[in-house]
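Convention: sequence-line order gives letters A, B, ...; per-chain numbering from 1. Small disclaimer: the values here were computed from a predicted structure and weren't measured.
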Amino acid sequence: MPELPEVETIARDLRAHLVGARILAAHVIKPDILRRIGRTGFERGLAGRRIEAVGRRAKHLVVALEGGRRLVVQPRMTGAFLVDARAVRDPYTAFELRLDTGKRLRYRDVRRLGAVFLLTPRQWADYDRAIGPEPLAPDFTAERFAEALGRGSLAVKKALMDQRRLAGVGNIYANEALWLAGIDPSRRVARLTRFELDRLHSAVLDVLARAIEGRGTTIRDYRTGTGEPGGFQGRLTVYGREREACLRCGRRIVLTQALDARATYFCPGCQH
DNA sequence: ACGAGGTCCTGCGAGC
DNA sequence: TGCTCGCAGGACCTCG
């Protein structure tokens, strides 16, 4: 669920609690969320380590540990992080880190589609390389954006959401950016003009930056790193507005499941 | 090589 | 009221 702005918000919130803290113990409650590592290896790998940094890559939270390994969490649809002062009984907690600050970092995930990794520097390099460029990096120009999307026969909405091409854009912000740019989501990416690609590049950067400012979009499950809903849901322009009047041209917004069985919202009046 | 489609999992709301 | 069905913000894997 969380896309780039939501994970960026979580990372910023957690940083204050986590950086410099030492992990006293790690406790895995739902081992099926672990990837490429077992429960024992995970718990032993974290115990005693100091947390050096908290960041984000694409939609994934990255916690850098003393010794060089990284704890990487992909929250996917329902993953959320909470900082608690004491132990909490909750059937959806997947793992918990007890810190020397007296706090606990808890990861809860109702659907358990999330994935958790503990990566060596080498594994991290491979992981990082498999993901496309960060849209908010200062050197991410319109040229790089056009290059990243590629020239395939893929629908532009699917290309935007393909993490190997571009990092961090999911269903909500793909819908929003395409509306902002006035582009039909089903257009083939190879058929977009230079001018349309420029508009889409600006739209992606603009919506992501504003969503971060708003601390992310809460439809149902997303919570910030301080446990509150985000503030951007009221500022969405097309997502979730089927049959409402388009804010630009007044035609009714249409919802289809056509692309990849994901909810696609667009305005047939002003997106071409 | 690339792209389409299925799969992982649980909860919720719409509709009957 | 109570049930069933379809859908949910993601990513990975397999197949063609």
Output the residues of residues 219-231 of chain A in contact with DNA chain C, where contact means a heavy atom of the residue under 4.0 Å from an atom of the strand; sort by number or write none.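 The answer is A:I219, A:R220, A:D221, A:Y222.
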
On DNA chain B, compare the nucleotides closest to A:L113 and A:S153; which residue's is nearer the 5' end?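 Between the two, 5'-proximity favours A:S153.
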
Nearest-nucleotide wise, let me know which of A:V110 and A:R151 is further upstream toward the 5' end of DNA chain B. A:R151

Distance under 6.0 Å and angle within 45° of ring axis: A:R220 vs A:Y222: no

Which atoms form the tightest heavy-atom contact between A:Q163 and A:A58, and what is the distance?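 Where A:Q163 meets A:A58 most closely, the heavy atoms are OE1-CB, 3.8 Å.
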
Identify the heavy atoms of A:L119 and A:R36 that sit nearest to each other, and give their distance.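 Closest approach of A:L119 to A:R36, heavy atoms only: CD2-NH1, 3.8 Å.
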
Distance check, [atom1] atoms only: [N] and [M], in whole angstrom units.
N     : M      : atom1 : answer
C:dC7 : B:dG5  : P     : 16 Å
B:dG6 : C:dG6  : P     : 15 Å
B:dG3 : C:dG9  : C1'   : 23 Å
C:dT1 : B:dG11 : P     : 22 Å

Not counting sequence neighbours, list each pair that qualifies as a ring pair (Phe, Tyr, Trp, His ring centres under 6.0 Å) and has a residue in residues 17-52 of chain A.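 Residue pairs with at least one partner in residues 17-52 of chain A: A:F42-A:F95.
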
First and last nucleotide of DNA chain C in contact with chain A, 5' to 3', at under 4.0 Å to a heavy atom: what are they?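 Going 5' to 3' along DNA chain C, contacts run C:dA8 to C:dC12.
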
Between A:R98 and A:R104 (side chain of the first, backbone of the second, donor and acceptor by atom type, cut-off under 3.5 Å), is there such a pair? no

Just so I know, are the side chains of A:F117 and A:Y127 near enough to count as touching, which here means a heavy-atom distance under 4.5 Å? yes

Watson-Crick or G-U stems involving DNA chain C, each at least 3 pairs long, distances under 3.5 Å, ordered by first number: B:2-8 with C:10-16, B:10-16 with C:2-8

Does anyone know the first and last nucleotide of DNA chain B in reach of chain A, 5' to 3', at under 4.0 angstrom to a heavy atom? B:dG3 to B:dC12

Exercise answer: donor-acceptor pairs, residues 63-72 of chain A side-chain atoms, under 3.5 Å, sequence neighbours excluded:
residue, atom, partner, partner atom, Å
A:E66, OE1, A:R22, NH1, 3.1
A:E66, OE1, A:R50, N, 2.8

